[in-house]
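One structure below.
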Amino acid sequence: MSETPVPNHFIRQIVLDDLASGKHAAIATRFPPEPNGYLHIGHAKSICLNFGMAAEFDGRCNLRFDDTNPAKEDPEYVEAIKEDVQWLGFQWAELRHASDYFELIHRCALKLIRDGRAFVCDLSADEVREYRGTLTQPGRNSPYRERGVEENLDLFARMKAGEFADGSRTLRAKIDMASGNINLRDPALYRIRKVEHQNTGNAWCIYPMYDYAHVVSDAVEGITHSLCTLEFEDHRPLYDWCLDQLPVWNMPELKDELDRLGLKPGRPRQIEFSRLNLDYLVMSKRKLLALVNDGLVAGWDDPRMPTLRGIRRRGFTPEAIRNFIRNAGVTKQESVLEFSLLENEVRNDLDARAERRMAVVDPLKLVITNLPESHDETLTMANHPKDESRGTRAVCFSRELWIEREDFMEVPPKGYHRLVPGGEVRLRGVGIVKCEDVIKDANGDVVEVRCTLDDSTRHGLPGADRKVKGTIHWVSAKHAIAAETRLYDRLFSVADPDDDKDGKTYRDHLNPASVRIVTAQLEAALANVAPETRFQFERLGYFVADRKDHGADRQVFNRVCTLRDSWAKAAK
RNA sequence: UGGGACGUCGCCAAGUCGGUAAGGCACGGGAUUUUGAUUCCCGCAUUCGAAGGUUCGAGUCCUUCCGUCCCAGCCA
């Protein structure tokens with residue numbers, strides 16, 4: 001119902017056209033992370049796009065780990081990635097690894113050599129760089145470029161057998177050293193790395209490069225639409241070159257292996273879209289890693305981190321993230337989205353789903369002097385103002401309450417609607433109270449406000465219709481539960497922390513107030529809730545019971561985000 | 001004097017075969033409200049990076065120019 005019509009975008013249009021023309025009977029996509037780090041909100045766009053397109057058109061989407069560089073990858077990440085993808089709400093058709101295809105990829109390399117399209121090159125990395133030329137000058141052919149097929153086959157076999165040292169030789173494609181596109185200047189296909197692989201162990205000591213392995217992986221899996229980000233646009237000619245040289249859907253020498261893996265190959269098309277960027281955040285793996293390693297945040301799942309784990313712990317919902325990404329659209333335009341858009345979707349989602357509770361984050365004592373010491377009353381309050389089916393809860397009310405310190409001011413600014421000396425305010429769900437007295441400590445700080453409750457305005461009575469400017473929330477002091485409450489704010493104080501033109505780095509822009517830990521007073525109904533349960537603490541914001549630290553012995557709530565606050569905005 | 005891409009409101013983003021600028025967020029104003037929340041109204045680009053040109057008519061076609069991003073890993 002809240003779903004607006006799905007906005008069309010150029011990739012959906014391509015899929016629509018391909019289906020309409022009969023080019024494909026069904027589509028297949030894949031989400032191909034390298035297991036060398038945690039997923040972040042930027043990845044969520046690719047996940048939603050790939051899984052989303054497949055779901056929308058009854059196709060399939062694989063989760064494929066692009067694990068072609070064993071030096072960087074770790075199985076710890078593959079589990080985390082699987083969990084994050086599922087949390088976001090998606091399920092893969094097949095779970096694969098590029099390394100599942102090492103045999104196929106190797107056979108393809110053999111064909112390239114036999115066809116005179118690849119050669120073993122003895123140049124060192126430095127020499128390759130010299131021969132490559134520059135952006136404006138063409139490169140030169142490697143002196144090993146014209147080796148015969150038999151020699152190449154022999155050398156490549158010996159590379160595979162481990163006869164040569166790391167870095168001493170590569171298998172290179174033979175394309176065009178003069179191409180304006182540097183990716184076409186005889187790119188490396190295989191390098192020697194005598195490193196144990198997280199999935200294949202010590203079976204291989206030569207590993208295929210991304211460009212080569214990725215296209216073969218796409219093709220053997222029968223991926224129809226290979227969606228990736230803009231920086232791979234330059235790689236597409238190489239992607240297509242590989243497909244031209246290696247029609248894996250028609251290579252008899254691949255058949256047994258394809259059958260063994262249950263693969264049905266096809267010719268994929270690579271399509272690039274712009275990545276998701278958000279203001280007030282850094283997204284690079286390097287910087288996120290540094291934040292963790294240097295103790296600037298509490299870990300990969302710190303609620304201030306843009307990792308999916310962090311965002312989850314913060315209390316954002318998968319639905320909100322999906323809506324956010326859907327609304328952002330898919331284009332080839334580089335853009336930076338406002339973080340507030342995401343926050344908006346979170347508020348939208350939580351407003352509808354989160355039950356209301358009362359909690360006081362910065363307590364000030366309020367005593368209702370015309371109530372007896374022993375007064376003990378149980379009120380019934382709605383769990384949700386717009387959804388009766390959410391039921392009601394019991395709320396304890398007594399003579400001494402906690403109210404929010406900022407809801408009382410001795411000298412209020414113009415437009416202040418809350419409690420002031422001699423003024424009236426409504427206690428949510430109770431009635432109208434009038435401030436008769438203010439008690440201060442030796443420093444002159446207010447420690448208690450004393451009020452009288454107007455009995456004719458009690459909730460449910462006709463007198464309750466009497467208008468007062470403000471309504472404030474409260475918690476019965478003697479029934480309150482103290483709980484650790486973490487008030488989060490943005491991690492960075494500037495919109496573009498990556499901008500270092502002024503000589504400052506992202507570290508200089510860390511928001512010193514990105515988290516404030518306080519002891520809040522909660523209403524009793526908040527006792528013993530399950531971790532990850534979300535509530536709106538009325539007038540304060542949305543809060544979630546911490547996924548990790550919250551339990552029966554220690555109650556811990558994280559502020560997901562505040563409510564919109566037009567008063568705070570006006571007061572500025 | 002390399003190659004590739006992108007430039008429509010503050011941020012995103014629709015704009016079929018050229019026919020006279022959707023929507024969301026933000027922002028401003030108002031109504032409702034026992035959350036200064038939610039909800040609901042109203043307003044918000046004579047203009048599409050710029051300049052020429054073609055045309056009865058151009059964001060959409062042509063030309064030139066300007067700006068931004070990506071590429072010289074045996075990383076992905």
Side-chain angles (χ1 to χ4, degrees), chain A residues 4-5 7-9 32-34 36 66-69 71-73 98 121 123-126 128-129 132-139 166-172 178-185 187-193 207 209-211 213-214 228-237 272 274 279 285 327-341 343-345 347-348 351-352 356 358 385-386 415-418 426-432 457 459 464-473 495 536-541 562-571:
Chain A
T4 46
N8 200 19
H9 55 65
E34 182 185 15
N36 71 342
D66 231 322
D67 55 351
T68 57
N69 186 357
K72 288 191 175 177
E73 295 146 9
C121 183
L123 257 22
S124 70
D126 286 341
V128 167
R129 194 174 308 121
R132 186 158 34 224
T134 70
L135 290 177
T136 53
Q137 292 160 215
D166 283 16
S168 61
R169 284 183 166 82
T170 53
L171 181 72
R172 292 224 262 160
S179 173
N181 183 340
I182 289 176
N183 295 299
L184 263 19
R185 317 242 262 230
L189 263 23
Y190 267 96
R191 75 290 216 185
I192 304 170
R193 284 283 177 283
Y207 292 96
M209 299 291 293
Y210 163 83
D211 281 308
H214 196 260
C228 63
T229 43
L230 249 30
E231 68 269 28
F232 292 104
E233 213 154 14
D234 288 343
H235 297 236
R236 183 158 23 100
E272 311 83 15
S274 62
D279 60 6
K285 273 179 188 166
N327 293 156
V330 180
T331 69
K332 299 189 68 152
Q333 230 156 136
E334 312 215 33
S335 58
V336 181
L337 301 181
E338 289 171 351
F339 188 81
S340 58
L341 254 65
E343 228 171 32
N344 244 313
E345 292 301 337
R347 289 192 181 112
N348 252 337
D351 175 55
R356 311 291 126 120
M358 290 197 291
K386 289 184 285 195
Y416 189 76
H417 288 175
R418 283 103 99 148
R426 186 185 305 276
L427 291 178
R428 174 115 243 234
V430 178
I432 296 170
T457 63
H459 191 78
D465 293 339
R466 180 153 77 79
K467 299 293 177 195
V468 280
K469 283 278 176 50
T471 299
I472 65 175
H473 58 95
Q536 182 194 106
F537 289 178
E538 293 207 36
R539 302 210 310 131
L540 294 177
T562 61
L563 258 31
R564 271 198 200 85
D565 189 347
S566 54
W567 164 244
K569 203 162 51 182

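Chain A is the first sequence line, chain B the second, and so forth, proteins listed ahead of strands; every chain is numbered from 1.
- Counting distance only, with no hydrogens placed and no angle test, the side-chain atoms of A/His473 and the base atoms of B/U35 include no donor-acceptor pair under 3.5 Å.
- Side-chain contact between A/Trp567 and A/Arg418: present, with at least one pair of heavy atoms (C-beta onward) separated by less than 4.5 Å.
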- Would you give a per-nucleotide map of nucleotides 66-76 of chain B, 5' to 3', where B means the base has a protein non-hydrogen atom under 4.0 Å away, S means only the sugar-phosphate does, and - means neither? ---SBBBSBBB
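- For the pair A/Glu34/A/Asn69, a side-chain contact is recorded, criterion being any heavy-atom separation below 4.5 Å from C-beta on.
- B/A76 and B/U55 have their C1' atoms separated by 49 Å, given to the nearest Å.
- Residue A/Lys285 is out of contact with every strand shown, counting any heavy-atom pair closer than 4.0 Å.
- A close approach under 4.0 Å does not occur between any side-chain nitrogen or oxygen of A/Gln137 and OP1 or OP2 of B/U1.
- No side-chain donor-acceptor contact under 3.5 Å links A/Arg193 to the backbone of A/Tyr207.
- Checking B/C25, B/U8, B/A5 against the side-chain heavy atoms of A/Asn344 singles out B/C25 as nearest.
- In this entry the distance linking CD1 of A/Ile472 with C1' of B/U35 reads 12 Å, nearest Å.
- Side-chain atoms of A/Thr136 lie closest to B/G2 of the nucleotides B/G2, B/G4, B/G7.
- In a base pair of the Watson-Crick type (N1 to N3 plus N6-O4 or O6-N4) or a G-U wobble (N1-O2 and O6-N3), with each distance short of 3.5 Å, B/C6 is matched with B/G67.
- For A/Asn181 (side chain) and A/Asp234 (main-chain N/O), a donor-acceptor pair under 3.5 Å exists by modelled atom type.
- Proximity of A/Thr331 to the phosphate of B/A13: a side-chain N or O atom is located under 4.0 Å from OP1 or OP2.
- Spacing of P atoms, B/C17 relative to B/U60, comes out at 13 Å, to the nearest Å.
- B/G67 and B/C75 are spaced 36 Å apart, taking the P atom of each and rounding to whole Å.
- In this model, the phosphate group of B/C6 is not approached by any side-chain N or O of A/Gln333 to a distance below 4.0 Å at OP1 or OP2.
- When the nucleotides B/U34, B/A37, B/G10 are ranked by their closest atom to the side chain of A/Glu338, B/G10 comes out on top.
- Look at B/A76: it lacks any Watson-Crick or wobble partner with both distances under 3.5 angstrom.
- Nucleotides B/C9 and B/G15 are separated by 15 Å at their C1' atoms, to the nearest Å.
- In this structure B/A21 sits in no base pair that meets the Watson-Crick or G-U test at under 3.5 Å.
- Every residue two or more places apart in sequence or in another chain that forms a side-chain contact (heavy atoms from CB on, under 4.5 Å) with A/Glu338 is listed here: A/Asp279, A/Ser340, A/Leu341.
- With a glycosidic angle no more than 90° from 0, B/G73 adopts the syn conformation.
- Nucleotide B/G3 holds its C1' atom 13 Å from the CZ atom of A/Arg236, rounded to whole Å.
- The side-chain heavy atoms of A/Leu540 and A/His473, taken from C-beta on, include a pair separated by under 4.5 Å.
- Taking atom C1' on both B/A50 and B/G59, the two are 14 Å apart, rounded to the nearest angstrom.
- Straight-line distance from the CG atom of A/Asn348 to the P atom of B/A37: 15 Å, rounded to whole Å.
- The same atom, P, is picked in B/A58 and in B/C44; the two are 24 Å apart, to the nearest Å.
- For A/Arg169 (side chain) and A/Cys121 (main-chain N/O), no donor-acceptor pair under 3.5 Å exists by modelled atom type.
- In this structure, A/Asn36 contributes its side chain and A/Lys72 its backbone to no donor-acceptor pair below 3.5 Å.
- Each of A/Glu345 and A/Ala328 was assigned the nucleotide of RNA chain B with the nearest heavy atom; the assignment lying further toward the 5' end belongs to A/Ala328.
- Contact annotation: A/Arg539 reaches the phosphate of B/G36 (side-chain N/O to OP1 or OP2, under 4.0 Å).
- Heavy atoms of A/Val468 sit nowhere under 4.0 angstrom from any nucleic acid atom.
- Nucleotide B/G43 forms a Watson-Crick or G-U wobble pair with B/C27, both donor-acceptor distances falling under 3.5 Å.
- Donor-acceptor pairing under 3.5 Å, judged by distance alone, is absent between the side chain of A/Arg564 and the base of B/G36.
- One can place NZ of A/Lys467 at 15 Å from C1' of B/G36, the figure rounded to the nearest angstrom.
- Between A/His9 and A/Thr331 the shortest side-chain heavy-atom distance does not fall below 4.5 Å.
- The CG atom of A/Leu427 sits 13 Å away from the P atom of B/U35 (whole-angstrom rounding).
- Closest approach of A/Glu231 and A/His235 over heavy atoms only: O-CD2, 3.7 Å.
- Counting only heavy atoms from C-beta on, A/Ala464 has its side chain closest to B/U34 among B/U39, B/U34, B/C6.
- When heavy atoms are screened at a 4.0 angstrom cut-off, A/Gly431 is found touching no nucleic acid atom at all.
- For A/Glu272 and A/Lys332, the salt-bridge test passes: some basic side-chain N is under 4.0 Å from an acidic carboxylate O.
- OP1 and OP2 of B/G7 both lie 4.0 Å or more from every side-chain N or O belonging to A/Lys332.
- Rounded to whole Å, the distance from CZ on A/Arg428 to C1' on B/U34 is 5 Å.
- B/A58 is unpaired under the Watson-Crick or G-U wobble criterion, no partner having all donor-acceptor distances under 3.5 Å.
- Using a 4.0 Å heavy-atom cutoff across all strands shown, A/Phe339 reaches no nucleic acid atom at all.
- Using C1' as the reference atom, B/A51 and B/A14 are 27 Å apart when rounded to the nearest Å.
- Between A/Asn344 and A/Arg564 the shortest side-chain heavy-atom distance falls below 4.5 Å.
- One can place NE2 of A/His417 at 11 Å from P of B/A37, the figure rounded to the nearest angstrom.
- Put simply, CG on A/Leu337 is 7 Å from P on B/A13, counting in whole angstrom units.
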For nucleotides 28-31 of chain B, list the nitrogen or oxygen atoms of the protein found under 3.5 Å from its nitrogen or oxygen atoms, one pair per line.
none

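- Counting only distance, with no hydrogens or angles, the side chain of A/Thr457 and the backbone of A/Ile432 share a donor-acceptor pair below 3.5 Å.
- B/C25 and B/A37 have their P atoms separated by 16 Å, with the value rounded to a whole Å.
- Closest contact between the side chain of A/Arg356 and the listed nucleotides B/C6, B/C12, B/U35 involves B/U35.
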